[in-house]
2 protein chains.
Amino acid sequence: MTIRHVAERAGVSVATVSKVLNDRYGVAAATVDRVREVIEELGYESSLVARSLRNHRTNVIGVLVWDIEPFSAELLKGAAGAIRGTDYELVVYAGGGKGSGRLGWERRYLSRLSGTLIDGAVMVTPTVLDVDSGSPVVAVDPHSGRETVPTVDADNLQGGRIATDHLIGLGHRRIGFLGRPPRDLESGPLREAGYRAALADAGIPVDPQLVRAAGYDESDVRNAVHDLLSLPERPTAIFAANDVSAISTMEVAMAMGLRVPGDLSVIGFDNVPESMMTEPALTTVEQPIQLMGRLAVEMLLEMLAGREPAQRHVRLPTRLVTRASCAPLPGGPGLPDLADDARLPVQPRS
Amino acid sequence: MTIRHVAERAGVSVATVSKVLNDRYGVAAATVDRVREVIEELGYESSLVARSLRNHRTNVIGVLVWDIEPFSAELLKGAAGAIRGTDYELVVYAGGGKGSGRLGWERRYLSRLSGTLIDGAVMVTPTVLDVDSGSPVVAVDPHSGRETVPTVDADNLQGGRIATDHLIGLGHRRIGFLGRPPRDLESGPLREAGYRAALADAGIPVDPQLVRAAGYDESDVRNAVHDLLSLPERPTAIFAANDVSAISTMEVAMAMGLRVPGDLSVIGFDNVPESMMTEPALTTVEQPIQLMGRLAVEMLLEMLAGREPAQRHVRLPTRLVTRASCAPLPGGPGLPDLADDARLPVQPRS
DNA sequence: CTGAAAGCGCTAACAT
DNA sequence: ATGTTAGCGCTTTCAG
């Protein structure tokens, strides 16, 4: 079904059909009607691809992700929300790192899509980002390149601090940290930095034994947890700096016969999928992920409208959500004041 | 950054560059190296758009959705999972019903993308689907057209039955149903049919007063709930057949001073976002949404490989997840046997 | 081994 | 008012 089929069927040239499609000047009313009829009859719609090759404006904005997992999916909801009501459409491109080359998926995806297909892009958790794309780009949670490109991210440093402070406030002193090898994302190290800062402020020395990094493999994480909990002087609390390890931590602890939070308090990070939730519910530091998506798109729309966004670097606060997985250390102080925190599951809808 | 820049910089023709890009025969090794170098240096990647206009194979599969909301976002995770490990890439197109014309977004999106850009598509909750696209299509949770197109859906009829049976098993007799006007999706009416069937099997007559439909507007839903709970002989339980109304039901009930589940048992449907969750946690009939996405993509990949999918119409079972929002009716029987059900929050990870 | 040229579906000058 | 033509970035014959 191409524009030529329509043209032939209507007995006009493709140019005329194109004019009708784009409400251009200089087509007789009768012709317009006839062409419209044929279009309707054939159920024709112009090819986005051909059109964007020709025009350079597509009214499509792209969200470029490595993969669709809980984090990016959450972000997409926010992005979609920001687009609703505008006359832009949304294309999500999840390349999964295909199509070899080691210049980073970020640049490759952008090269592949920008200029054609999309008018601008939101890049989700890019690692390298020395991008010089023709079209506007906003990065969410980038590792580097913060100078060149407008960004939206969450306050991971503060998040790490909040989590650790909470545990300290409960009287804990031996607090484990479970993160990831620091190579790719910046967020991990920042959470660890928050952890260290909180300990330092409380005058608690960091015990290197209590700080672990585990890879993306789940068994790797479980081993690390097991190690931590097998220490002669085991931690009374663990700050697991990503969702996977938080869940694993609770599971391993319980498998080892430890009660959570009776014997071990656990605090996590990110949007832990509730469907994965074990008993008791996990205390987490939550990032406003949907909001990040929404803001990123809003910034992009500003830029597409030719305006400079109000701020080029937005950092959103994180917040602690306390649930049943943390408890005051026996002999420590009581529950800390949580005026600023939400207490789940008794959380009113916003 | 086009192929011509590369060609000029390397001192060859665009044809040669193209050959290098596609590993074609007949380019001198030295030339290949030079071109590769330039490509690397310039960070060039061929335009997906231009390429797909020329070739008809793109190795991209499309998921076409009206909008990205909790349901489709969940589905996308499953779809992405199915694509991981294949050499296909994923493009999600969320048009939001833009670009007028009343031939249904489904056909329009397909027209716009298929043939070019994507090799095949998964259509999410299409309403009309008399599609005759050139490329393979799988529909998830379609309203009609089940005959023509391969489909994946959930067993909404059985879901409605399960939910209602559960309440009946708890001793409830006055069970309200809160659905949506039946115009668009088929799933709503099916859930209602399940409700009616369960009541019929239990010999409980349907009280028309207890069956309500409310639109998509939240205030609409709240009014409906309020009406239900203001009846002289109010229901002791409500089956809210979609996520929005389930949450609203609990909130309105509590606002009216009713305890859940003490005074009113509530059971919902779908993937109620836990972040919206109130106290107590909501009992739901869960659909295997991610799984639907995964299966749809797997079917599509089969078709793209030229094979006929094992089944053209897959219907997945729904399951009850019992939480704290339902209670036995005083004077009724005890808790029914839930051997087949999961009991949250004490749910082991799968 | 390399390049010139045609054409994918479409739009925008430029004829007619 | 309509049609002809060139060209968007790319791949693919087909000559050189």
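Just so it is clear: chains get the letters A, B, ... in the order the sequence lines come, proteins before strands, and each one is counted from 1. Computation of the quantities below employed the complete heavy-atom set of this structure, encompassing side-chain atoms and omitting hydrogens, waters and symmetry-equivalent molecules.
Look at Arg24(A) and you'll find a side-chain N or O under 4.0 angstrom from OP1 or OP2 of dA12(C). Contact annotation: Arg4(A) does not reach the phosphate of dG9(C) (side-chain N/O to OP1 or OP2, under 4.0 Å). Using a 4.0 Å cut-off, some side-chain N or O of Ser13(B) falls inside it from OP1 or OP2 of dG3(C). Residue Ser18(B) places at least one side-chain N or O under 4.0 Å from the OP1 or OP2 atom of dT11(D). For dG3(C), one of the phosphate oxygens OP1 or OP2 lies less than 4.0 angstrom from a side-chain nitrogen or oxygen of Thr16(B).
Among the atoms of the strands shown, only primed sugar atoms or phosphate atoms (P, OP1, OP2) are found under 4.0 Å from some heavy atom of Val12(B). Base engagement by Ala15(A) is indicated by at least one non-hydrogen atom pair under 4.0 Å involving a base atom. Residue contacts shown for Thr31(B) are limited to sugar-phosphate atoms, with no base heavy atom under 4.0 Å away. Note on Ser47(A): only backbone sugar-phosphate atoms sit closer than 4.0 angstrom, heavy atoms only; bases stay farther off.
Summarising the geometry, the separation between CD1 on Ile3(B) and C1' on dC8(D) is reported as 13 Å, rounded to the nearest angstrom. In this structure, the CG atom of Leu48(A) is 14 Å from the C1' atom of dC8(D), given to the nearest Å. Atom OH of Tyr25(A) is separated from atom P of dT11(C) by 20 Å (rounded to the nearest Å). Rounded to whole Å, the distance from NZ on Lys19(A) to C1' on dA15(C) is 11 Å. Rounded to a whole Å, the CG atom of Asn55(A) is 20 Å from the P atom of dA6(D). We find that CZ of Arg57(B) is positioned 18 Å from C1' of dC10(D), with the value rounded to whole Å. Computed from coordinates, the Arg51(A) CZ to dC8(D) C1' distance equals 14 Å when rounded to whole Å. The nearest whole Å value for the distance from the CG atom in Asn22(B) to the P atom in dG9(D) is 17 Å.
Counting distance only, with no hydrogens placed and no angle test, the side-chain atoms of Arg54(A) and the base atoms of dG9(C) include no donor-acceptor pair under 3.5 Å.
Arg315(B) pairs in a side-chain hydrogen bond (donor to acceptor under 3.5 Å, both in side chains) with only one of the listed residues (Asp153(B), Asn156(B), Thr151(B)), which is Asp153(B).
Minimum atom distance to the side chain of Leu53(A) is reached by dG9(C), of the listed dG9(C), dG3(D), dA1(D).
The structure places CD1 of Ile3(B) at 8.5 Å from OG of Ser13(B), a figure rounded to the nearest 0.5 Å.
Between Lys77(B) and Glu74(B), at least one side-chain nitrogen of the basic residue sits less than 4.0 Å from a carboxylate oxygen of the acidic one, meeting the salt-bridge criterion.
Counting heavy atoms from C-beta on, the side chains of Leu295(A) and Leu316(A) come closer than 4.5 Å.
Minimum heavy-atom separation, Arg9(A) to Leu42(A): NE-CD1, 3.6 Å.
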